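Data first, discussion second: the structure below is written as structure tokens.
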Amino acid sequence: MGIEQKLRHLQDLGNNFGWRIQWIPWQGQGRVEKVYNTWLSLMTGLGGAVLFLVSCFLVLTQRAHVSVLGVGVLGLMVAVLGRLYAARYRQAAWIKVAARCDDIEIRKARLPHQGAKLRYVWVFRLLCRFNHEGQEFTVTPMSSRAGFESEDAANTYLHERIAEDGSCTLWINPDNPFESVFDKKMVI
């Protein structure tokens with residue numbers, strides 16, 4: 001098993017840990033799922049991160065005044081703008097399709113450790129089907145929503161966007177319909 005297949009195997013384990021609905025990968029068999037970047041988003045991301053880290057280092061080692069942190073914050077803003085651009089560019093040609101939601105799973109998930117207090121959010125996974133160019137696809141779409149404060153909030157969100165008969169809206173990549181997003185395109 002090559003490195004890429006091992007990485008993909010680890011991704012599948014992480015994506016499916018604790019879920020009843022198993023993740024349907026949008027990349028080809030054995031290929032690593034990765035965040036899409038353009039040369040511009042790579043440069044803004046790297047440049048913004050470097051500006052932030054250098055400014056923090058200079059302030060912490062007392063080689064510069066605290067005002068240098070403003071440059072670091074500007075660097076972070078540049079990095080975020082690069083991600084926003086990449087997401088918009090990537091999904092520009094995606095199309096809206098009518099789909100049917102066959103299954104919904106909502107569960108509590110722990111956020112990465114944030115200080116002394118553990119924080120939890122409610123997340124969901126959907127199993128949806130749709131037809132595109134005469135072929136039926138079954139997908140587990142991504143979502144533009146990262147999490148909810150309560151299970152009720154997650155249920156309310158889903159019930160407002162999925163009809164009683166299961167019909168819903170997905171945005172799909174017409175070149176790879178397995179790459180899909182529920183309800184609204186991703187922002188970042």
Side-chain angles (χ1 to χ4, degrees), residues 3-4 6-15 17 23-28 31-97 109-126 139-150 153-154 157 161 169-188:
I3 288 179
E4 186 174 22
K6 287 179 183 177
L7 285 173
R8 174 55 185 276
H9 177 70
L10 290 173
Q11 283 180 328
D12 289 343
L13 288 174
N15 285 337
F17 184 77
W23 178 253
I24 298 172
W26 53 270
Q27 289 288 12
R31 293 187 56 210
V32 175
E33 291 185 0
K34 54 189 174 223
V35 175
Y36 175 79
N37 278 300
T38 66
W39 67 270
L40 180 63
S41 63
L42 281 173
M43 293 300 111
T44 57
L46 290 172
V50 167
L51 274 175
F52 178 73
L53 293 173
V54 167
S55 69
C56 287
F57 173 78
L58 291 174
V59 169
L60 290 173
T61 60
Q62 298 179 349
R63 295 182 184 170
H65 192 266
V66 174
S67 62
V68 170
L69 279 180
V71 174
V73 170
L74 179 65
L76 284 180
M77 289 173 39
V78 166
V80 169
L81 287 174
R83 284 298 328 134
L84 293 172
Y85 166 77
R88 186 174 275 275
Y89 181 83
R90 172 74 173 148
Q91 297 176 41
W94 287 25
I95 57 174
K96 190 177 191 178
V97 297
R110 192 178 113 192
L111 288 176
H113 192 63
Q114 298 176 345
K117 185 178 178 186
L118 292 178
R119 183 149 180 255
Y120 293 90
V121 294
W122 291 88
V123 294
F124 66 87
R125 182 171 286 174
L126 306 175
V139 299
T140 48
M142 296 176 280
S143 173
S144 59
R145 291 291 306 258
F148 299 86
E149 292 295 319
S150 69
Y157 174 82
R161 288 156 180 82
T169 300
L170 298 181
W171 288 89
I172 66 164
N173 177 350
D175 297 329
N176 178 6
F178 287 103
E179 190 175 8
S180 56
V181 177
F182 172 69
D183 188 41
K184 294 180 182 176
K185 292 182 184 181
M186 302 288 280
V187 176
I188 205 158

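The figures here come from the full heavy-atom set of this structure, side chains too, leaving out hydrogens, waters and symmetry mates. Residues take their numbers from the sequence shown, with the count starting at 1. This one's a predicted model, so the numbers in the text were calculated from it and none came from an experiment.
Every residue meeting the ring-ring contact (aromatic ring centres under 6.0 Å, His included) condition with Phe178, not counting sequence neighbours, appears here in chain and number order: Phe137. Residues satisfying the side chain to side chain contact (heavy atoms under 4.5 Å, CB included) criterion with Ala153, sequence neighbours excluded, are Phe148, Ser150.
Across all non-hydrogen atoms, the minimal contact from Val78 to Thr44 is O-CB, 3.6 Å. Here the closest non-hydrogen pair linking Pro141 and Leu126 is CD-O, 3.6 Å. For the residue pair Ser180 and Ile172, the shortest heavy atom distance occurs at CB-CG2, 3.9 Å. The two residues Arg161 and Asp183 have their closest heavy-atom pair at NE-OD2, 2.9 Å.
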Exercise answer: donor-acceptor pairs, residues 68-75 side-chain atoms, under 3.5 Å, sequence neighbours excluded:
none

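Remark: Asn15 CG to Arg125 CZ distance equals 6.0 Å, nearest 0.5 Å. Atom CD of Glu179 is separated from atom CD of Gln91 by 7.5 Å, given to the nearest 0.5 angstrom. Note that the CH2 atom of Trp94 and the CG atom of Asn176 stand 8.5 Å from one another [nearest 0.5 Å].
At a threshold of 4.5 Å between non-hydrogen side-chain atoms, the residues Asn173 and Trp26 do not count as touching. Side-chain contact between Gln11 and Trp23 is absent, with no heavy atoms from C-beta onward closer than 4.5 Å. Between Val139 and Pro177 the shortest side-chain heavy-atom distance does not fall below 4.5 Å. Between Val80 and Leu76, the closest side-chain pair of non-hydrogen atoms is not below 4.5 Å. Taking the side chain as every heavy atom from C-beta outward, Tyr157 and Arg145 approach each other to under 4.5 Å. Side-chain contact check for Phe182 versus Leu170: some heavy-atom pair is nearer than 4.5 Å.
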Side chain to side chain contact (heavy atoms under 4.5 Å, CB included), that's the test. Do Arg119 and Glu149 meet it? Break it down for me. CA-CA 10 Å; Arg119 183 149 180 255; Glu149 292 295 319; 2.6 Å; yes
